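Below is a structure I'd like to ask you about.
For clarity, every value in this text was computed on a predicted model and none was experimentally measured. In what follows, chains carry the letters A, B, and so on, assigned in the order in which the sequence lines appear, proteins first and then strands, with residues in each chain numbered from 1.
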Amino acid sequence: MQRWPVLLFLAWVCFLFFCGIGLFTSGFLLIRIELANRSSCSDPLAAPTRAGRGVVTGACWLPQRIPKAVLLIIDALTFEFARFDLAKERPRPYENKLGFLHHLSRSQPRHARLYRFRADPPTTTMQRIKGITTGSLPTFIDVGSNFATYAIEEDNLLSQLVQNGRRVVFMGDDTWDGLFPQTFFRSYFFPSFNVKDLHTVDDGILQHLYTTVDGGEWDLLIAHFLGVDHCGHKHGPDHPEMAKKLTQMNEMLRLLVAHLGNDTLLLVAGDHGMTETGDHGGDSEKEVDAALFVYSKQALFGAHPPTEPDTVPQVNLVPTLALLLGVPIPYSNIGEVMAELFSGDGNPASAALQQLSAYHVNARQVDRFLHSYSLAAQDLPAERLRQLQELFSAAEEEHDQLLARVREVELVAPELEARRGRAVARFQRYLREARAVCMESWARFHPLRMVAGCALIAATCLLCCVASGLAAALDFPYRSRLLYPLLWGLAGAALLGLGHLLAGARLDLLLALSSAAAASQLGFFWHFWSRQPLQAHLASAQPLAASAGSRPSCRAWQRLLLPMGILLLRCCAMFSDSFVVAEARVAPFLLASLALLLLGRLHWHGQLAAPDTPKQPPGSASCQESWRLLGLLGALLACLRLSSLFHQCREEIPHCQPSPLLGPLASLQSTQAKNLFYLLCVASLAGLVCAVRRWLRHYGNLNSPSPLVLFVRWAFPLLAVWVACYWAVASGAEDVLGKLQELVQVALVGFPRAVYGLAALGLLLALWNPVTVFVKDSRESGGPIVASYPGAPSSQAGLPPVIPQLYRRMQESLKRRLETGHRRATVMAYGLGSAYSAPLVIVLSLLGLLLLLLHSERLSLAFLLLFLEAFVLLRIHAHVVSLAGDAEPFAVPWYAVISWVFAATQFFYATGHQPTFPAIHWNAAFVGFQQGHSTHLLPALLVGANTFASHILFAGSRLPSAPALALCL
Amino acid sequence: MKDTEIKRLLFAHYICVFSIILTTVIPPLFLENFSVLGTHLTWLCICSVCVTAVNTVLYIILKPNPSSKRISFTHKVTKFLKCCVFFFISCILFHGIIVLYGAPLIESVLETFLFAVLLSTFTTLHCLCILGPNIQAWIRVLSKNGALSIWDNSLQITTMCSIVGAWIGAFPIPLDWDRPWQIWPISCSLGATFGYVAGLIIAPLWIYWNRKQLTYKSR
């Protein structure tokens with residue numbers, strides 16, 4: 001088998017997978033960069049407009065108009081809930097329940113108004129809270145400086161208020177606690193995770209709301225009610241419970257308004273809507289259609305409300321509220337001020353000018369943000385940004401001219417009105433366009449891309465399946481399997497590029513790559529199916545089966561059915577949210593089922609012990625074999641169960657306690673427990689190293705004088721001792737070693753780095769000369785036989801397997817010696833049987849030690865379990881193969897591959913990981929680098945190695961079946 | 001002869017099914033607040049006891065594997081005691097396997113154990129009735145070519161169906177539907193019961209359809 005085509009083929013398959021995943025994520029995972037900049041009162045944004053007028057106290061950017069505000073967020077308050085239609089004859093349970101809002105807007109039209117409040121997708125509560133406070137469009141992944149917490153680090157309304165000395169009081173949903181830690185002047189949090197609990201949060205708020213309002217120690221009061229949302233999740237909107245809940249909200253509003261002072265602004269908002277089943281999260285019409293209600297005891301609006309309520313994007317709340325309260329607009333805001341709210345006091349001319357200045361400040365702030373953002377990230381299209389820039393300068397010019405005219409001469413009212421209208425329209429247009437540009441890149445899913453990505457991945461899986469059948473045959477037809485598909489791919493990419501060039505559009509790299517991938521895949525399948533009809537292919541892949549007719553091939557399919565069925569189950573589980581959350585339990589369950597099924601099937605076919613056949617006594621080899629198999633199965637099940645001791649929690653599960661074994665030893669209080677656990681960890685470490693050495697010695701791989709063997713003999717214990725020392729130093733109490741503090745610091749850095757260095761040396765040695773076979777003959781040293789091997793393999797032979805080659809050389813040498821008359825010449829080879837597996841075991845245990853160092857101490861027990869389980873799985877496989885009497889010793893059956901994959905997934909969870917950002921072990925980045933890093937590459941590498949430790953170990957050990965190891969052997 | 005045997009089998013199985021249905025219908029007449037989901041443990045006990053009783057009685061009446069030798073009374077007693085021990089061991093084994101499959105170790109031990117008893121009733125008890133306390137025979141019968149009579153075939157089918165039912169019953173547990181039957185071990189025991197009932201119904205039919213292919217070696 002040639003090296004490079006095979007390696008290239010693997011790289012190509014990798015590329016196909018990456019393209020598929022990239023295409024999918026570009027459509028699904030919306031990503032946005034968070035800027036750390038903050039607005040402040042001293043920013044020169046609004047200075048020119050205020051010049052000349054008397055500076056108002058408490059003014060900042062614009063004079064403060066409202067001293068106090070109450071923001072009531074009723075989770076999932078859709079517009080349908082808030083609207084009131086007397087004409088309805090038989091209102092549904094959720095209709096016409098908020099009668100008080102209707103009453104207010106009818107009786108005091110200049111004080112109260114209802115809006116449609118358009119939420120931006122994703123319509124999940126956390127993202128919406130972020131949107132309502134930062135004025136931006138949060139995505140699923142907001143790339144900020146800190147992944148470990150959910151705290152909002154972008155500039156936001158609350159931090160602006162706090163920065164300017166206002167008091168913010170909060171009550172309700174405790175999500176806000178995570179988002180704004182240490183921000184509130186006073187806070188009353190209530191747990192939000194139990195979706196079935198309709199009343200805890202609401203009753204908690206009601207207990208404190210009126211007394212707090214009356215107390216007056218606040219400038220902004222936020223209350224977040226969850227009952228309506230939870231009621232939607234539990235019962236759906238069309239349910240009597242919803243009627244009760246909304247009626248309760250109505251009563252709450254009535255009482256609250258009675259308690260409000262004259263100078264207070266009341267805002268009642270829904271953070272998102274809900275579908276007819278009471279769910280939310282997507283971008284359907286019902287989910288984004290929330291309600292906003294504004295009320296004050298002073299007159300707010302100049303004109304009467306329109307018959308059909310206006311639509312206001314959710315982000316518009318932020319600049320409006322900021323300017324009304326007299327604080328700067330948060331830096332990343334892309335909302336537009338709600339102009340009607342700036343026209344309260346009678347005189348239309350001054351009201352108009354105030355609206356204009358609000359727009360002006362708002363536009364300048366958005367312009368500043370877009371400028372900073374385009375410097376930090378490239379995901380906003382440059383073309384559109386340039387257009388926006390032009391729009392902005394035109395509007396700015398119009399505004400400056402207008403101001404100059406106002407200052408110079410008193411304009412007559414109609415002309416002023418007309419020019420003002422034009423300026424406002426320009427600003428409005430600019431702000432809306434800017435928001436549209438941001439929306440397009442941050443808040444829009446691309447279903448087509450998602451589907452295409454999924455299709456690409458599925459096709460690649462099929463390709464792998466087909467290719468694995470081909471690889472069984474030793475001659476790999478790389479020309480038709482690799483070269484032509486690659487050419488196809490290049491042609492596809494070139495065509496697409498040409499098309500783009502002709503159309504004059506900018507070339508999207510991802511799209512080009514994906515089209516290349518798709519084209520090359522098409523090429524592969526076309527060559528595969530056109531050149532060889534299916535039957536002929538089957539015959540080449542399974543020569544034995546085909547020769548015996550169609551029945552055995554049918555049986556081969558049956559044999560595939562079981563493991564593939566279980567794999568399919570797992571794939572289907574990925575589509576269910578609950579199963580994704582429970583994956584840590586699903587993977588071991590399926591693995592146990594697979595193993596048990598395997599044994600059950602062996603028994604069913606009578607290949608296990610057959611005690612009723614009288615020829616075999618009960619203590620025969622077969623019977624022993626089956627008992628041993630049962631024992632192995634028991635060990636496997638025990639490993640599976642024990643590994644669940646090291647579970648980490650997802651935040652979706654309310655009452656979950658993470659395993660106490662995950663914390664570092666340094667966090668333990670009791671010295672006794674610490675010592676005990678330390679001893680246990682060291683014992684497991686020693687056990688691991690000893691087991692590997694014993695295994696190697698048992699198979700005779702520790703005899704050769706090659707550097708790798710020497711490394712195993714001497715460096716392995718040394719590595720273990722260093723790791724143990726590092727643990728000891730790291731888990732010791734800070735103050736005990738008072739004088740030796742500096743020494744401790746050196747040790748903390750020194751030990752891990754020494755381990756890294758030595759392990760790297762070992763890996764290099766293994767790559768350079770992985771053969772641990774020791775050949776010895778009675779007369780001369782066995783050196784030349786083995787040492788001649790690792791050089792360049794003879795070109796005409798390609799790369800034949802190692803064992804036959806060694807064997808041939810031994811045979812030759814023996815023959816030569818017999819010919820020369822040495823009668824008693826013998827040749828001995830140690831470790832020939834494990835020539836392949838020994839280097840692999842060495843490399844894996846080295847990697848294991850390395851990865852162990854990156855985890856907290858007590859996870860070494862989990863690693864011990866991992867190696868044990870891998871060993872047990874391999875033993876079971878070996879027994880099953882020998883019992884089933886399969887003809888092909890080198891063919892790897894599917895059940896083995898699938899159980900291996902399940903084990904990898906299981907130990908991803910069993911080493912204390914979860915696929916969520918807060919569960920990543922960030923500490924791993926600082927093992928051996930106490931002072932932090934100057935670059936991003938190294939910590940990313942360390943954290944990545946920590947997170948994917950299980951996959952690295954399990955996938956690394958799959959390599960023998962993959963031809964990649966052929967390169968180093 | 002075969003047809004009469006199949007009829008007897010059908011009759012026995014339908015009595016079993018009927019008895020399981022009765023365990024859900026009769027107890028509410030005597031016990032207050034009884035429901036299969038609400039007081040699940042009670043139902044588990046009742047169902048196990050009932051199935052045990054029905055199976056034993058049927059075994060005594062029908063004698064599926066009549067032995068030619070006359071058996072002394074002491075032999076019968078030792079056999080009975082052996083059966084009890086076997087049953088108990090199988091309960092413990094099932095309990096262990098269920099825990100290894102991911103059931104909680106310390107919490108709800110009683111639930112897990114009663115579930116293990118139910119599973120033993122559906123599988124081990126059947127084996128004990130038909131084959132007696134003879135492990136070798138069990139191992140033989142539960143393999144592909146091991147069945148020596150239609151009773152053995154029906155044993156294979158019902159045992160497998162019960163186990164597969166219990167296995168499938170574990171799947172709804174992680175779902176967030178918040179239904180009362182998702183609580184451990186209700187879905188699994190219901191799955192096992194449905195599997196058992198399905199096996200009881202399928203077995204005679206399957207044997208009837210395949211009666212031409214089924215040829216049994218003489219013992």
Side-chain angles (χ1 to χ4, degrees), chain A residues 194-196 233-235 566 569-570 572-573 576-597 600-614 618 623 626 630 633-645 647 652-654 906, chain B residues 92-107 112 119 123 131 134-148 152-153 155-157 159-180 182 184 187-188 191 217-219:
Chain A
N194 186 359
V195 179
K196 312 294 176 215
H233 283 301
K234 192 175 175 187
H235 303 291
I566 285 194
L569 267 184
R570 187 171 139 66
C572 293
S576 155
D577 182 42
S578 314
F579 279 111
V580 171
V581 170
E583 202 191 3
R585 286 183 293 153
V586 170
F589 179 82
L590 288 181
L591 181 52
S593 308
L594 186 62
L596 214 60
L597 260 178
R601 208 176 48 178
L602 269 186
H603 174 74
W604 179 250
H605 289 298
Q607 284 158 335
L608 221 55
D612 64 328
T613 47
C623 195
S626 49
L630 271 183
L633 185 72
L636 177 71
L637 290 181
C639 280
L640 287 171
R641 189 71 177 96
L642 283 177
S643 73
S644 71
L645 284 178
H647 69 280
E652 282 97 331
I653 304 170
Q906 175 214 341
Chain B
I92 303 271
L93 265 179
F94 267 118
H95 188 105
I97 289 174
I98 294 165
V99 167
L100 285 178
Y101 259 77
L105 181 65
I106 299 165
E107 305 144 43
T112 312
L119 267 183
T123 56
L131 303 170
N134 178 0
I135 294 275
Q136 303 292 340
W138 294 15
I139 291 174
R140 168 181 57 75
V141 166
L142 291 179
S143 65
K144 196 178 176 186
N145 299 319
L148 296 184
D152 293 358
N153 271 114
L155 182 68
Q156 285 176 355
I157 293 173
T159 308
M160 269 185 225
C161 284
S162 324
I163 302 252
V164 169
W167 186 73
I168 290 175
F171 279 83
I173 293 177
L175 292 171
D176 59 354
W177 297 347
D178 222 30
R179 296 299 141 114
Q182 280 181 302
W184 173 254
S187 60
C188 283
K217 288 180 279 183
S218 62
R219 50 184 73 224

Side chain from CB out, backbone as N, CA, C, O: work out which of these in Leu569(A) comes under 4.5 Å of a heavy atom of chain B, or both, or neither.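 Only the side chain of Leu569(A) comes within 4.5 Å of chain B.
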Sequence neighbours excluded, the answer for salt bridge (charged side-chain N to carboxylate O under 4.0 Å, His left out) partners of Arg601(A) is none
Return the orientation label for the Phe589(A) and Phe171(B) ring planes: parallel under 30°, perpendicular over 60°, tilted otherwise.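 Plane angle over 60°, so perpendicular.
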Which bit of Trp167(B) is near chain A, if near means a heavy-atom gap under 4.5 Å: side chain, backbone, both or neither? both
Do you know which two heavy atoms are closest between Ala147(B) and Gln156(B), and how far apart they sit?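 Residues Ala147(B) and Gln156(B), closest heavy atoms: CB-NE2, 3.9 Å.
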Partners passing side chain to side chain donor-acceptor pair (under 3.5 Å) against Ser576(A) (at least two apart in sequence or in another chain):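 With neighbours one apart ignored, the set is empty.
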Counting heavy-atom pairs under 4.5 Å with chain B, which one of Ala638(A), Ala582(A), Ser593(A), Ser644(A) comes out on top? Ser593(A)
Which atoms of Ala137(B) approach chain A - backbone, side chain, both or neither, heavy atom under 4.5 Å: neither
